[in-house]
Number of protein chains: 2
Amino acid sequence: MTTRWLTPEEQRAWRAYIAASRLLEDAIDRQLQQEGGMPHLFYSVLANLSDAPDRRLRMTDLAETLKITRSRLTYAVTRLERDGLVRRENCRWDKRSSLAVLTDEGTAVLERTAPGHVETVRALLFDRITPEQVRQLEEICTGIARGLQGEDDGAGAATEDVPWRRRSTPCQGSTAD
Amino acid sequence: MTTRWLTPEEQRAWRAYIAASRLLEDAIDRQLQQEGGMPHLFYSVLANLSDAPDRRLRMTDLAETLKITRSRLTYAVTRLERDGLVRRENCRWDKRSSLAVLTDEGTAVLERTAPGHVETVRALLFDRITPEQVRQLEEICTGIARGLQGEDDGAGAATEDVPWRRRSTPCQGSTAD
DNA sequence: TAAGTTTGTTTCAAAGTTGAACCAAGCCGT
DNA sequence: ACGGCTTGGTTCAACTTTGAAACAAACTTA
């Protein structure tokens with residue numbers, strides 16, 4: 001079958017998207033690196049832990065919400081652990097699992113870093129688009145993400161609710177990425 | 001001044017965006033790595049050269065359109081050169097500049113790889129959003145990108161039109177990223 | 001319960017990225 | 001023509017990411 005090339009509109013959108021996403025990530029990484037001494041992903045690890053019940057999360061669950069590989073997360077947590085911002089803990093119910101726990105120092109760093117980060121995200125993104133566009137963006141991205149993750153883990157049966165699989169309870173969450 | 005945290009809508013949009021962009025890039029990188037033996041960025045280098053007049057571009061110009069650092073581009077081109085897909089050439093007008101030139105082999109690889117790539121972009125993105133959303137996406141991304149690049153090079157005087165700075169002439173361009 | 005499978009995590013080497021430092025070559029004013 | 005500034009590109013070490021392989025602890029089933 002002959003390739004369905006992109007229409008001119010699609011091409012423009014695609015190029016704009018590539019450009020925007022690269023520029024945005026770069027800018028955020030730079031800001032966070034300068035003011036927090038860590039790349040965006042590492043910040044997200046802290047932020048997600050901070051929003052989790054008891055400030056701890058299983059490696060796999062964290063990797064899944066962050067949409068990264070387990071291997072990548074292992075590296076990040078190892079580094080954050082070396083810096084004392086996170087600590088590893090063994091899961092009591094499943095000896096295979098390990099939990100990443102946000103330390104007090106990690107919390108402090110996060111609290112010190114969050115305002116600048118949010119400021120940046122605002123300045124670069126939300127201050128530049130209308131509320132209507134915020135909705136559109138969410139809508140678009142949600143759809144894309146759904147298509148991309150569901151592919152293998154099927155929208156099938158809900159995960160059994162064993163204690164160590166409990167999903168995060170509502171929290172403040174103003175810093176999470 | 002107290003931080004202006006993200007509203008719930010903004011948070012949802014931000015998270016959705018992060019998730020979608022990570023998943024999307026990963027999927028595209030995987031596809032291209034498998035079927036083309038190179039990451040997305042390297043493909044984009046080939047695609048952009050292919051669309052350039054005479055299939056060649058100054059390193060700086062290429063880096064600028066790709067929104068990456070010169071250093072990163074140097075690495076990519078070095079690798080592509082090793083693989084014979086790109087060749088470096090000295091600029092006749094400015095001895096500092098070097099041009100990246102797409103070789104015949106590079107063209108061949110690109111032509112062989114492009115359909116699969118476009119297919120993927122379609123399947124993961126454009127087949128999942130409405131034409132209206134394509135427009136919205138372009139609009140949003142264009143705005144963000146504008147804000148992010150203009151910051152230092154000011155929207156000021158247009159670059160002088162010396163021969164080796166000539167901007168690309170219209171081409172087919174159905175594969176460019 | 002032993003064998004086989006799946007799940008959770010880490011390890012390791014190869015690949016790619018970052019940012020600062022460096023070297024030329026052009027540009028400008030004197 | 002000389003010094004100083006800017007521009008184009010590369011280099012290098014430190015860091016991060018990738019993906020396959022290795023382990024170990026559950027789970028399943030005969």
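Since the structure is predicted, the reported quantities are computational estimates derived from the model, not experimental observations. By convention in this document, chain letters (A, B, ...) are assigned in the order of the sequence lines, proteins followed by strands, and residues within each chain are numbered from 1.
- Residues A:Thr120 and A:Glu35 have side chains not in contact (no heavy-atom distance under 4.5 Å, counting atoms from C-beta outward).
- Residue B:Arg58 places at least one side-chain N or O closer than 4.0 Å to OP1 or OP2 of D:dG8.
- Listed for the B:Asp94 side chain is a donor-acceptor partner under 3.5 Å among the backbone atoms of B:Arg96.
- Atom CG in A:Leu32 sits roughly 15 Å away from atom P in C:dT18 (whole-Å rounding).
- Within 4.0 Å of B:Thr74, counting heavy atoms only, lies at least one base atom of the nucleic acid.
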Polar atom pairs between nucleotides 17-20 of chain D and protein, under 3.5 Å, N or O only, would you list them?
| from | atom 1 | to | atom 2 | distance (Å) |
| --- | --- | --- | --- | --- |
| D:dT17 | OP1 | A:Arg72 | NE | 3.4 |
| D:dT17 | OP1 | A:Arg72 | NH2 | 2.8 |
| D:dG19 | O6 | A:Ser71 | OG | 2.8 |

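- When the C1' atom of C:dT10 is taken as reference, atom CG of A:Asn90 falls 13 Å away, rounded to whole Å.
- The aromatic rings of A:Tyr75 and A:Phe42 sit perpendicular to each other, their planes meeting at more than 60°, with 30° as the lower class boundary.
- C:dG8 atom C1' lies 18 Å from atom CZ of A:Arg92, rounded to whole Å.
- For the pair A:Glu119 and B:Thr3, the minimum side-chain heavy-atom distance is below 4.5 Å.
- Picking from D:dG8, C:dT9, D:dT10 the nucleotide with the shortest atom distance to the side chain of A:Arg70 gives C:dT9.
- A:Arg135 has no carboxylate O lying under 4.0 Å from a charged side-chain N of A:Glu138, or vice versa, which leaves the two without a salt bridge.
- Between A:Tyr17 and A:Trp14, the angle of the ring planes stays under 30°, which puts this pair in the parallel group of the 30/60° scheme.
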Polar atom pairs (N or O), protein with nucleotides 22-26 of chain C, under 3.5 Å:
| from | atom 1 | to | atom 2 | distance (Å) |
| --- | --- | --- | --- | --- |
| C:dG26 | OP1 | B:Lys95 | N | 3.0 |

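- Distance CD (B:Glu89) to C1' (D:dG8): 17 Å, rounded to an integer number of Å.
- Atom CG of B:Leu73 and atom P of D:dG8 are 13 Å apart (whole Å).
- Between the CD atom of A:Glu25 and the P atom of D:dT16 there is a distance of 14 Å, rounded to whole Å.
- In this structure, A:Arg122 and B:Glu10 have side chains that are in contact, with non-hydrogen atoms separated by less than 4.5 Å.
- The distance from atom CG of B:Leu57 to atom C1' of D:dG8 is 14 Å, rounded to the nearest whole Å.
- Other residues, nucleotides and ligands place no more than 12 heavy atoms under 6.0 Å from the CD atom of A:Glu139.
- Salt-bridge annotation for B:Arg4 and A:Asp127: present, with a side-chain N of the basic residue lying under 4.0 Å from a carboxylate O of the acidic one.
- With the nearest nucleotide of DNA chain C identified for both A:Gln34 and B:Met38, B:Met38 has the one nearer the 5' end.
- What separates CD of A:Glu81 from C1' of C:dT9 is a distance of 13 Å, to the nearest Å.
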